[in-house]
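The block underneath contains the structure these notes are about, expressed in structure tokens.
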Amino acid sequence: VQLQASGGGLVQAGGSLRLSCAASGITFSRFTMGWFRRAPGKERGFVAVITWRSGTTYYADSVKGRFTISRDNAKNTVYLQMNSLKPEDTAVYYCAAQGGGIYYSANNYDYWGQGTQVTVSS
């Protein structure tokens with residue numbers, strides 16, 4: 001199983017980035033996909049999730065209205081569109097896959113990508 005995250009980089013506050021996460025080795029369409037992030041000196045935290053069955057999305061309050069998660073099952077890829085970025089969004093972003101459970105808990109995810117760095121300058 002491999003989750004390959006990409007799309008991170010350096011952007012000014014107010015800018016946008018789109019992260020991608022390509023999955024292989026799993027039946028992608030049967031997995032709920034999430035994004036988490038770890039900021040310097042902080043624990044990894046939930047960002048967004050998209051369920052496998054209905055495509056329902058949930059977001060952390062801190063990103064609601066600015067970030068959009070989506071998936072393309074034909075491409076085995078999940079995306080995170082990040083708009084109106086703020087310096088506090090600076091973190092390593094991880095994609096993850098789960099077969100079920102509480103979506104906002106990292107402990108319920110079975111597979112993880114390697115992370116991609118997002119840096120937002122003020």
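One is the number of the first residue; the rest follow in order along the sequence. When reading the values below, keep in mind they use all heavy atoms of this one structure, side chains included, and skip hydrogens, waters and symmetry mates.
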Between S70 and Q81, does the side chain to side chain contact (heavy atoms under 4.5 Å, CB included) criterion hold? Intermediate values first, please. CA-CA 8 Å; S70 61; Q81 178 67 44; over 6 Å; no
Quick one: closest heavy-atom pair of M33 and A97, and the distance? SD-CB, 3.5 Å
Distance, nearest 0.5 Å, that separates CG of D89 from OG1 of T119: 11.0 Å
L3 and C21 have their tightest heavy-atom pair at CB-SG, 3.9 Å
Counting distance only, does the side-chain N/O of Q114 pair as donor-acceptor with the main-chain N or O of A5 below 3.5 Å? yes
Would you check if Y104 and V49 make a side-chain contact, meaning some heavy-atom pair closer than 4.5 Å? no
Shared ILVMFWY cluster between L19 and Y79, side chains joined below 4.5 angstrom? no
How far does OH of Y93 sit from CD of Q117, to the nearest 0.5 angstrom? 9.5 Å
Hey, does Y94 have a side-chain heavy atom less than 4.5 Å from the side chain of T116? no
Please check if the distance between the ring centroids of Y103 and Y109 is under 6.0 Å. no
Heavy-atom closest pair, residues L10 and S121: CD1-CB, 4.4 Å
Near-ring test W35/F46, centroid separation under 6.0 angstrom: no
Nearest-0.5 Å distance, SG of residue C95 to OH of residue Y111: 13.5 Å
Donor-acceptor under 3.5 Å (T90 side chain, P87 main chain): yes
Show the nearest heavy-atom pair for residues A106 and W112, with the distance to one decimal. O-CZ2, 3.5 Å
Could you state the interatomic distance from OG1 (T77) to CD (Q4), rounded to the nearest 0.5 Å? 11.0 Å
How far does OG of S62 sit from CZ of R37, to the nearest 0.5 angstrom? 4.5 Å
Is K64 salt-bridged to D61, cutoff N-O under 4.0 Å? yes
Output for pair (T32 OG1, Y58 OH), nearest 0.5 Å, gives 9.5 Å
Should V92 and V11 be regarded as members of a common hydrophobic cluster, given that ILVMFWY residues are connected when their side-chain heavy atoms come within less than 4.5 Å of each other, either directly or indirectly? no
Measuring only between side-chain heavy atoms, which start at C-beta, is V78 closer than 4.5 Å to I50? yes
Would a hydrophobic clustering, with Ile, Leu, Val, Met, Phe, Trp and Tyr connected at side-chain separations under 4.5 Å, put M82 with I69? yes
Please check if atom OH in Y59 has more than 12 non-hydrogen atoms from other residues, nucleotides or ligands closer than 6.0 Å. yes
Shortest non-hydrogen separation from G101 to N108 and the atoms involved: C-ND2, 3.9 Å
Going by heavy atoms in the side chains, are K86 and R66 under 4.5 Å from each other? yes
F67 side chain near L85 side chain, heavy-atom distance below 4.5 Å: yes
Cation-pi check, R71 onto W52 ring (under 6.0 Å, within 45° of axis): no
